Undergrad: 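There's a structure below that I have some questions on.
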Amino acid sequence: ESKFRDLKLLKVSKPEGFDALPIKVLVVTPTTNAYDYCWNEYWNGIQEMEGEFDVLIIENSDYEETIREMTKRIEGAKHPTTVKRWYNARFANKLYSEAQEKLSAIYNFVTPILIEGKYTHMMMIESDVTAPPDTIKRLLAVKQPIVQALMMRNGLILHGYITGGG
């Protein structure tokens, strides 16, 4: 029995005039020092991505010095990159099972940044994921308000593909 049997397609409408706006993409990555083991693969993948976009890395480790280390890692980035520290004591030293709640809080933290920066699109990518260089172009080509890419590991589907109707 599928655990997705009650899944409903989310209907999202584009604001009037949205398609006339110049495309401005923000790639958002929450990360923590727990993902140091895969940082180089992630960062190389971001640098190889095609197109014009900005990068926002949300560093959410429990250790304040990691923000300085992260800032050094991104020097010389191909795309404009900002590192912001997000820390909430409520989530300090929490188990992995509470990661979804923490990620939701981080993405809520990003919302005003999207609005203030006049971004038309956001791509969320975790720091333990690499994507093909043409990912942004392919996601934009769908021309839907919400697109989730298919992510696979060892031939198993981890995430499905869903778009909202306009």
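The analysis underlying the following values was restricted to heavy atoms, covering all of them including side chains, and did not include hydrogens, waters or symmetry mates. Being a predicted model, the structure only gives us computed values, none of them experimental. Positions are given from 1, in the same order as the sequence printed here.
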Undergrad: Does the side chain of Asp54 come within less than 4.5 Å of Thr81's, by heavy atoms?
TA: no
Undergrad: Heavy atoms, side chains only, cut-off 4.5 Å: are Asp36 and Arg73 in contact?
TA: yes
Undergrad: Search all heavy atoms of Leu139 against all heavy atoms of Met123 and return the closest pair with its distance.
TA: CD1-SD, 4.2 Å
Undergrad: Does Thr29 use its side chain to pair, donor to acceptor, with the backbone of Glu126 at less than 3.5 Å?
TA: no
Undergrad: Just to verify, what does Gln47 make a side chain to side chain contact (heavy atoms under 4.5 Å, CB included) with, not counting sequence neighbours?
TA: Trp43, Ala77, Lys78
Undergrad: Donor-acceptor check, side chain of Lys118 to backbone of Lys24, threshold 3.5 angstrom: yes or no?
TA: no
Undergrad: Find the distance between CG (Asp134) and CD (Glu48) and round it off to the nearest 0.5 Å.
TA: 12.0 Å
Undergrad: Is any side-chain heavy atom of Phe53 closer than 4.5 Å to a side-chain heavy atom of Leu26?
TA: no
Undergrad: Closest approach of Glu59 and Thr32, non-hydrogen atoms and distance?
TA: OE2-CA, 3.5 Å
Undergrad: Report yes if the side chains of Thr31 and Ile58 come closer than 4.5 Å at any heavy-atom pair, otherwise no.
TA: no
Undergrad: Where do His79 and Gly51 come nearest, in terms of heavy atoms and distance?
TA: CE1-O, 3.2 Å
Undergrad: What are the two closest non-hydrogen atoms of Ser127 and Pro30, and how far apart are they?
TA: OG-O, 3.8 Å
Undergrad: If you define the side chain from C-beta out and look only at heavy atoms, does anything of Val25 sit under 4.5 Å from Met122?
TA: no
Undergrad: Do the side chains of Val55 and Thr82 get nearer than 4.5 Å, heavy atoms only?
TA: no
Undergrad: If we ignore hydrogens and angles and just use 3.5 Å, is the side chain of Thr135 paired with the main-chain N or O of Pro133 as donor and acceptor?
TA: no
Undergrad: Once ring-ring contact (aromatic ring centres under 6.0 Å, His included) is applied, do any residues pair with Tyr42, and if so which ones, sequence neighbours excluded?
TA: Trp39
Undergrad: Would one find more than 12 heavy atoms of other residues, nucleotides or ligands at under 6.0 Å from atom CD of Glu41?
TA: no
Undergrad: Does atom NZ of Lys84 have more than 12 heavy-atom neighbours, drawn from other residues, nucleotides or ligands, at distances under 6.0 Å?
TA: no
Undergrad: I want to check something: taking the side chain as every heavy atom from C-beta on, are Val27 and Ile46 in contact at a cut-off of under 4.5 Å?
TA: yes
Undergrad: Taking all heavy atoms of Pro132 and all of Arg138, pick out the closest pair and write down the distance.
TA: CG-NH1, 4.3 Å
Undergrad: Within this structure, what is the CD1-CD1 distance for the pair Ile125 and Ile136, rounded to the nearest 0.5 Å?
TA: 8.5 Å
